[in-house]
Trainee: 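The structure is given below, and queries will be raised subsequently.
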Amino acid sequence: MALDSQNDMSLTRKAMKAELLDAETELRLAHAWRDDRDEAALHRLINAYMRLAISMAARFRRYGAPMNDLVQEAGLGLMKAADKFDPDRGVRFSTYAVWWIKASIQDYVMRNWSMVRTGSTSSQKSLFFNMRRVQAQLERTAAAQGAQLDRHQLHQLIASEVGVPLRDVEMMDGRLSGGDFSLNATQSTEDEGREWIDALEDQGAQAAELVEDRHDRAQLREWLLLAMNDLPERERFIVRERKLRDTPRTLENLGEELGLSKERIRQLEAAAFQKMRKSLETRAREVQTFFA
């Protein structure tokens, strides 16, 4: 932590010592980067406005993010601004860069606020950064008028003030009211208390289901063997080579071995399946999917 503070101070001092660009110099550097991809001009432009990026990053420290990370994100926003800036529009670079710096920092804060994505739409972003401020203003106004707002009324007023749907306000209030917690945390203060993860339902197959599945598979295997044993030897051989091998043999390959045409092998295979189907239908209908 002390090292981070030293780095923050060093970076801030360096930024404060950077040159202040007049409008003419700024315009010349922006043209040099846009038209000639002059990296020296870009570097000078970025360094000159790094103090702006650091100043904006400092405003977001209350969200709990490390200052170094905030400054890094602000710097990325500043570089994006420099890359997209059009010097022919008649706008100062600092005015244009503010939007990109702010957007970059806000995206970082929202990505790291919680393991659960806090929001990505413009209304959700507006709520995340303005909800508590607007809520405090509304509560002060109501208190001055001698009124008392319940939670639903407060949510409705916030939605109206910020210009977002009520459901977004309710969702964001829940997200901001509590942080993440570990599933390995104990449910009580006792040393050997039950962990929250123990209360989650096991999504895997239960013991009874596994036993039932093994029984069904064994029964199906037995029925198939009985049905195959009822087939003539040649048809049983064709079914085994076509369906039970890791690499099934082709009709043409079997025809060459048995001295038959591909069409005759196909007919014998179809006839074998028909006989097995009739045999199995007397035992269980679910095994018919084997022949689908």
Side-chain angles (χ1 to χ4, degrees), residues 1-133 162 164 172 175-176 179-180:
M1 187 66 70
L3 183 60
D4 287 345
S5 298
Q6 291 176 3
N7 290 337
D8 293 347
M9 293 177 62
S10 175
L11 186 60
T12 301
R13 283 196 296 266
K14 183 178 179 181
M16 294 305 294
K17 292 179 181 178
E19 64 178 321
L20 293 172
L21 301 179
D22 56 41
E24 184 179 349
T25 304
E26 177 187 292
L27 188 63
R28 179 169 52 80
L29 293 173
H31 273 294
W33 168 244
R34 188 196 65 178
D35 301 336
D36 304 323
R37 310 314 283 178
D38 184 343
E39 292 189 4
L42 174 65
H43 186 71
R44 187 177 171 188
L45 190 63
I46 293 296
N47 281 344
Y49 286 103
M50 197 61 201
R51 62 163 62 83
L52 172 64
I54 294 174
S55 174
M56 293 187 65
R59 301 176 193 174
F60 291 85
R61 297 191 72 164
R62 65 180 182 275
Y63 293 101
M67 185 61 184
N68 275 348
D69 291 348
L70 291 173
V71 170
Q72 184 177 16
E73 291 298 322
L76 291 174
L78 182 60
M79 286 188 284
K80 288 180 183 177
D83 192 50
K84 295 179 179 295
F85 181 60
D86 183 357
D88 296 329
R89 293 259 179 132
V91 178
R92 287 296 301 264
F93 175 70
S94 57
T95 304
Y96 180 78
V98 164
W99 188 92
W100 284 98
I101 296 170
K102 183 178 180 181
S104 184
I105 298 173
Q106 287 182 339
D107 286 343
Y108 169 79
V109 170
M110 293 189 71
R111 285 198 313 270
N112 291 275
W113 175 261
S114 169
M115 292 178 66
V116 179
R117 188 169 178 81
T118 306
S120 57
T121 65
S122 58
S123 64
Q124 291 168 341
K125 182 180 289 187
S126 177
L127 267 177
F128 182 85
F129 291 102
N130 295 295
M131 182 169 174
R132 290 300 181 236
R133 176 183 57 80
V162 182
V164 299
M172 190 60 68
R175 296 272 178 88
L176 296 177
D180 301 330

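Numbering starts at 1 and runs along the sequence shown.
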Trainee: Between W33 and D83, is a side chain to side chain contact (heavy atoms under 4.5 Å, CB included) present by the stated rule, with each step listed?
Mentor: CA-CA 8 Å; W33 168 244; D83 192 50; 3.7 Å; yes
Trainee: Could you pull out the closest heavy-atom pair between P66 and Y108, with the gap in Å?
Mentor: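 Closest pair (atom of P66, atom of Y108, distance): CD-OH, 4.1 Å.
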Trainee: Does the plane of the ring in Y96 sit parallel, tilted or perpendicular to the ring in F85? Use 30° and 60° as the thresholds.
Mentor: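 Tilted, since the angle between the ring planes falls between 30° and 60°.
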Trainee: Are D88 and R34 ion-paired here, with the side-chain N under 4.0 Å from a carboxylate O?
Mentor: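 A salt bridge is present here (some side-chain N lies under 4.0 Å from a carboxylate O).
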Trainee: So, do Y49 and L78 sit near enough that their side-chain heavy atoms are less than 4.5 Å apart?
Mentor: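 SC-SC contact between Y49 and L78 confirmed.
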Trainee: Contact between M131 and V162 at the side-chain level, heavy atoms closer than 4.5 Å - yes or no?
Mentor: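 No - every pair of side-chain heavy atoms lies 4.5 Å or more apart.
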Trainee: Got a second to check how far L21's CG is from F93's CZ, nearest 0.5 Å?
Mentor: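 Spacing of CG (L21) from CZ (F93) equals 9.5 Å.
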Trainee: Could you tell me whether a side-chain N or O of S104 sits under 3.5 Å from a main-chain N or O of E73, the two making a donor and an acceptor?
Mentor: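 Yes.
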Trainee: How many angstroms lie between atom CG of L29 and atom CD of E24, to the nearest 0.5 angstrom?
Mentor: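 Going from CG on L29 over to CD on E24, the span is 10.5 Å.
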Trainee: Taking L45's backbone N and O only, do any of them form a donor-acceptor pair with E26's side chain (distance below 3.5 Å, no angle check)?
Mentor: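 No, because the side chain of E26 does not come within donor-acceptor range (under 3.5 Å) of the backbone of L45.
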Trainee: Can a salt bridge be assigned to the pair R89 and D86 using a cut-off of 4.0 Å between side-chain N and carboxylate O?
Mentor: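 A salt bridge links R89 with D86.
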Trainee: Side chains of V71 and M50: does their closest heavy-atom pair fall under 4.5 Å?
Mentor: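 Yes. Closest side-chain heavy atoms under 4.5 Å.
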Trainee: Could you grab the distance from atom CG of N47 to atom CD of E19, nearest 0.5 Å is fine?
Mentor: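 The CG atom of N47 sits 8.5 Å away from the CD atom of E19.
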Trainee: Under the salt bridge (charged side-chain N to carboxylate O under 4.0 Å, His left out) rule, what do R28 and D22 come out as? Steps first, then yes or no, please.
Mentor: CA-CA 10 Å; R28 179 169 52 80; D22 56 41; over 6 Å; no
Trainee: How long is the gap from CD1 on I101 to CZ on R59, to the nearest 0.5 Å?
Mentor: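 Interatomic distance, I101 CD1 to R59 CZ, rounded to 0.5 Å: 9.5 Å.
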Trainee: To check you understand the geometry: which heavy-atom pair defines the closest contact between A53 and A74, and what is its length?
Mentor: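 Heavy atoms only, the tightest pair is O-CB, 3.5 Å.
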Trainee: I want to check something: taking the side chain as every heavy atom from C-beta on, are F60 and Q106 in contact at a cut-off of under 4.5 Å?
Mentor: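 Result yes, sub-4.5 Å side-chain heavy-atom pair found.
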Trainee: Give a yes or no on whether a salt bridge exists between R44 and D38, defined as a side-chain N under 4.0 angstrom from a carboxylate O.
Mentor: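 Not counted as a salt bridge, because no side-chain N and carboxylate O are separated by less than 4.0 Å.
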Trainee: Could you tell me whether the side chain of I54 reaches within less than 4.5 Å of the side chain of M67, counting heavy atoms only?
Mentor: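 They are in side-chain contact.
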Trainee: Look at atom NE2 of H43 and say whether more than 12 heavy atoms of other residues, nucleotides or ligands are closer to it than 6.0 Å.
Mentor: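 Counting neighbours around NE2 of H43, 12 or fewer heavy atoms of other residues, nucleotides or ligands fall under 6.0 Å, so no.
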